[in-house]
Asker: 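Take this structure, written in structure tokens, and hold onto it; I'll ask about it next.
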There are 2 protein chains.
Amino acid sequence: MKNDTIPGNQQEENAALEKNSCPVQATIGVLSGKWKLLLLFQLRNGEKRFGELGRALPSITPAVLTGQLRELEEDGIIQRKAYAEIPPRVEYTLTEIGRSLLPVIINMEKWGLEYFKQMKGAAGDCLWDDQIIG
Amino acid sequence: MKNDTIPGNQQEENAALEKNSCPVQATIGVLSGKWKLLLLFQLRNGEKRFGELGRALPSITPAVLTGQLRELEEDGIIQRKAYAEIPPRVEYTLTEIGRSLLPVIINMEKWGLEYFKQMKGAAGDCLWDDQIIG
DNA sequence: CAGGATCCCAGAGGATACTG
DNA sequence: CAGTATCCTCTGGGATCCTG
């Protein structure tokens, strides 16, 4: 946003948001995207190709898949490796920092399960079970 | 979404997303909203009134503030108490489950700080320090 | 195979003005 | 004081078709 003219005292409170330098917002940011959690889940145990990801997530379109992968790549969460072959081959893998996100996700899952239990009594059937963390 | 006709085998993978029953998505969901983190931070140590919240977040408009508070309330994260007085008074507080979100947020902050350190070398100056957790 | 190029739409967020 | 009512914009995600 532009430099909105605000008195300047309580501004401190949301300075972190305005400057986009709040680590919590950053964490939410990299995970916000309709397919990102699913993509990270797909990559939890190693590399996958563009087509594999597309097949694993049947209702995502190539255009959107590309977009989500690009964002994750720009955020440093995944790495893209393209091989100069015919036909083309591209593999995506989690980066180190990307892998370090998994425990954080597990922690969110735990809260979410408690939340479901208390809110609707309906259990959630997510993918992120303890299995994925070695 | 509608019941898109998908073969039905790999569909399991994103069933959690489609059904919106993934606890991780739920956690991200309740926190996704431009001002929600800031509002939760404002309420971390007890109740606050509508006007107080507005003054603490100078660039939010009443309409949007109402919207964000309504969503948090519907999600069971905060509670709204209106007093039948003139002039009106309304107080917002975290619910029990809402308070239980704070440690999760702290955990996200920790990852975010590591992320900043590794990505840009720029430290984040967020609000969610260890102070807020008793 | 792994995308790129276009066009499109719903919904979150915001500006502004008004009210019980 | 604590909102509500309208109107408007911008962008994330999607549909569709095309290509090195």
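Owing to the predicted nature of the structure, the values given are computational and were not obtained by experimental measurement. Letters A, B, ... mirror the listed sequences (proteins, then strands); counts begin at 1.
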Asker: Using a strict 4.0 Å threshold on nitrogen-to-oxygen distance, state whether B/R99 and B/E96 make a salt bridge.
Answerer: yes
Asker: How many Å lie between CD1 on B/I60 and C1' on C/dT16, as a whole number?
Answerer: 16 Å
Asker: Looking at D/dA2, C/dG13, C/dG4, which one has an atom nearest to any side-chain atom of A/T66?
Answerer: C/dG4
Asker: To the nearest Å, give me how far apart NZ (B/K34) and C1' (D/dC10) are.
Answerer: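 For the pair B/K34 NZ and D/dC10 C1', the rounded distance is 11 Å.
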Asker: For the backbone of B/I97 and the side chain of B/S100, can you confirm whether one donor and one acceptor N or O come within less than 3.5 Å of each other?
Answerer: yes
Asker: Do B/E91 side-chain atoms and B/E47 backbone N/O form a donor-acceptor pair below 3.5 Å?
Answerer: no
Asker: The side chain of A/F50 lies closest to which of these nucleotides: C/dG14, D/dG13, C/dA2?
Answerer: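 My answer, after comparing the listed nucleotides, is C/dA2.
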Asker: How many whole angstroms separate atom CZ of A/R80 from atom P of C/dA2?
Answerer: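 For the pair A/R80 CZ and C/dA2 P, the rounded distance is 10 Å.
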Asker: Give the nucleotide from the list D/dG3, C/dA15, C/dG4 with an atom nearest to the side chain of A/R70.
Answerer: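 Closest nucleotide to the A/R70 side chain: C/dG4.
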Asker: Using a 4.0 Å heavy-atom cut-off, does A/V90 contact any base of the nucleic acid, only the sugar-phosphate backbone, or nothing at all?
Answerer: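 Contact class for A/V90: sugar-phosphate only.
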Asker: State whether A/W35 places a side-chain N or O below 4.0 Å from either non-bridging phosphate oxygen (OP1 or OP2) of D/dG14.
Answerer: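 Looking at the OP1 and OP2 atoms of D/dG14, one of them is under 4.0 Å from a side-chain N or O of A/W35.
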Asker: Distance check needed: D/dG12 C1' versus A/E74 CD, whole Å only.
Answerer: 14 Å
Asker: In this structure, how many angstroms lie between the P atom of C/dG20 and the CD1 atom of B/I86, rounded?
Answerer: 12 Å
Asker: Nearest of C/dG3, D/dT16, D/dG3 to any side-chain atom of A/Y92?
Answerer: C/dG3
Asker: Is any side-chain nitrogen or oxygen of B/R49 closer than 4.0 Å to OP1 or OP2 of D/dA2?
Answerer: yes
Asker: Can you figure out which of D/dG14, C/dG14, C/dG13 approaches the side chain of B/Q68 most closely?
Answerer: C/dG13
Asker: A/A82 near the nucleic acid: base, sugar-phosphate alone, or nothing, with a heavy-atom cut-off under 4.0 Å?
Answerer: nothing
Asker: Which listed nucleotide (C/dA5, D/dA5, C/dC1) is nearest to the side chain of A/P88?
Answerer: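 Nearest to the side-chain atoms of A/P88, counting from C-beta on, is C/dC1.
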Asker: Under 4.0 Å between any heavy atoms, over every strand shown, what does B/G33 touch: base, sugar-phosphate, or nothing? Just pick one.
Answerer: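 If one applies the 4.0 Å heavy-atom cut-off, B/G33 turns out to touch the sugar-phosphate alone, with no base involved.
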Asker: Just the rounded figure in Å: distance from C1' of C/dC1 to NZ of A/K81.
Answerer: 18 Å
Asker: When you check the side-chain N and O atoms of B/Y92 and B/E73, is any donor under 3.5 Å from an acceptor?
Answerer: no
Asker: Could you tell me how far apart A/E91 (CD) and C/dC1 (P) are, to the nearest whole angstrom?
Answerer: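 Rounding to the nearest Å, CD of A/E91 and P of C/dC1 are 15 Å apart.
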Asker: Tell me: CG of B/L57 to C1' of D/dA2, nearest whole Å?
Answerer: 16 Å
Asker: Does the pair B/E52/B/R55 count as a salt bridge with the N-to-O cut at 4.0 Å?
Answerer: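 No, this pair does not count.
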Asker: Which part of the nucleic acid, if any, lies within contact of A/E85, taking any heavy atom under 4.0 Å across all strands shown: a base, the sugar-phosphate backbone alone, or nothing?
Answerer: nothing
Asker: I'd like to know if the side chain of A/Y115 reaches the main chain of B/D75, judged simply by a donor and an acceptor atom lying under 3.5 Å from each other, with no hydrogens or angles considered.
Answerer: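 Looks like yes, one N/O pair under 3.5 Å.
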Asker: Determine the contact category for A/G54: base if any of its heavy atoms lies under 4.0 Å from a base atom, sugar-phosphate if only primed atoms, P, OP1 or OP2 are that close, otherwise nothing.
Answerer: nothing
Asker: Any idea which of C/dC1, C/dG14, D/dG14 is nearest the A/P87 side chain?
Answerer: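 Comparing C/dC1, C/dG14, D/dG14 against the side chain of A/P87, the answer is C/dC1.
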